[in-house]
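Source: prediction; values computed, not measured.
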Amino acid sequence: KLTLPLIAAMQQATEVERRHLLKTVRRNPQSADTVALALKMVTDHNGIALAQEKMELFARKAKDALDFLPPSAARNSLAMLVDFNTKRKG
């Protein structure tokens, strides 16, 4: 399954690294070796940090989109939901 950290890492990886991962995934998508290779790519190419940056950008946009609403408990709840989703672990 392609997750944002893996997609971000693949964008930073070399063509050879991308091809190797895709070939490995096609051959045996759920093997321990495939998972290890994907995790290595994410680690080596800062996939988590890049995904975190993207998440923070979307969170800012989501909260900015609430500005048209008048102050209310509902608006506050939506803003808190954005915060919850960006700060939760796992």
Side-chain angles (χ1 to χ4, degrees):
K1 175 175 163 179
L2 285 177
T3 61
L4 186 53
L6 184 56
I7 292 167
M10 289 179 71
Q11 290 173 342
Q12 302 298 312
T14 66
E15 183 65 28
V16 170
E17 290 172 315
R18 281 193 297 274
R19 276 195 225 146
H20 177 60
L21 177 65
L22 292 173
K23 182 177 166 185
T24 303
V25 167
R26 280 189 204 109
R27 220 178 309 136
N28 198 350
Q30 296 182 2
S31 76
D33 289 343
T34 301
V35 172
L37 182 62
L39 286 173
K40 182 174 178 358
M41 183 174 286
V42 168
T43 301
D44 290 351
H45 295 288
N46 300 314
I48 299 293
L50 293 167
Q52 180 80 28
E53 289 173 16
K54 186 66 88 171
M55 179 184 65
E56 290 169 1
L57 171 69
F58 285 127
R60 279 193 304 276
K61 286 182 176 185
K63 287 178 126 180
D64 288 348
L66 297 174
D67 286 345
F68 82 95
L69 295 171
S72 67
R75 177 180 157 175
N76 291 344
S77 292
L78 290 169
M80 288 171 49
L81 184 61
V82 171
D83 291 338
F84 172 79
N85 279 303
T86 56
K87 290 175 177 51
R88 69 187 175 103
K89 303 290 183 206

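Applying the side-chain hydrogen bond (donor to acceptor under 3.5 Å, both in side chains) test to Asp44 and every residue at least two apart in sequence or in another chain returns Lys40. Partners of Ala65 according to the side chain to side chain contact (heavy atoms under 4.5 Å, CB included) rule, which considers only residues two or more places apart in sequence or in another chain, do not exist here. Glu56 pairs by the side-chain hydrogen bond (donor to acceptor under 3.5 Å, both in side chains) definition with Gln52, not counting sequence neighbours. Remark: Ala13 pairs with Glu17, Arg18, Met41, His45 by the side chain to side chain contact (heavy atoms under 4.5 Å, CB included) rule, at least two apart or across chains. Qualifying side chain to side chain contact (heavy atoms under 4.5 Å, CB included) partners for Leu39, counting only residues two or more places apart in sequence or in other chains: Val35. Legend: residues meeting side-chain hydrogen bond (donor to acceptor under 3.5 Å, both in side chains) with Asn76, ordered by chain and number and at least two apart, are absent. Applying the side chain to side chain contact (heavy atoms under 4.5 Å, CB included) test to Ala59 and every residue at least two apart in sequence or in another chain returns Val82, Thr86. When the side-chain hydrogen bond (donor to acceptor under 3.5 Å, both in side chains) test is applied to Ser31, the partners found at least two apart in sequence or on another chain are Thr34.
Hydrophobic clustering (ILVMFWY, side-chain heavy atoms < 4.5 Å, transitive): Leu22 and Val42 are in one cluster. Grouping the Ile, Leu, Val, Met, Phe, Trp and Tyr side chains by contacts below 4.5 angstrom, directly or via other members, places Leu37 with Ile48.
Other members of the cluster containing Phe68 are Leu66, Leu69, Leu78, with ILVMFWY side chains joined at under 4.5 Å, either directly or via other members. Clustering of Ile, Leu, Val, Met, Phe, Trp and Tyr by side-chain heavy atoms under 4.5 Å joins Val16 with none of the others.
Between Lys23 atom NZ and Arg27 atom CZ the span is 5.0 Å, to the nearest 0.5 Å. For the atom pair CG (Leu6) and CG (Leu50), the distance works out to 12.0 Å, reported to the nearest 0.5 Å.
Counting only residues at least two apart or in different chains, side chain to side chain donor-acceptor pair (under 3.5 Å) contacts with residues 59-73 comprise Lys63-Asp83.
When side chains are defined from C-beta on, Met10 counts as touching Leu21, because their heavy atoms get closer than 4.5 Å.
Annotation for Gln30: atom CD does not count as buried by contact number, only 12 or fewer foreign heavy atoms lying within 6.0 Å.
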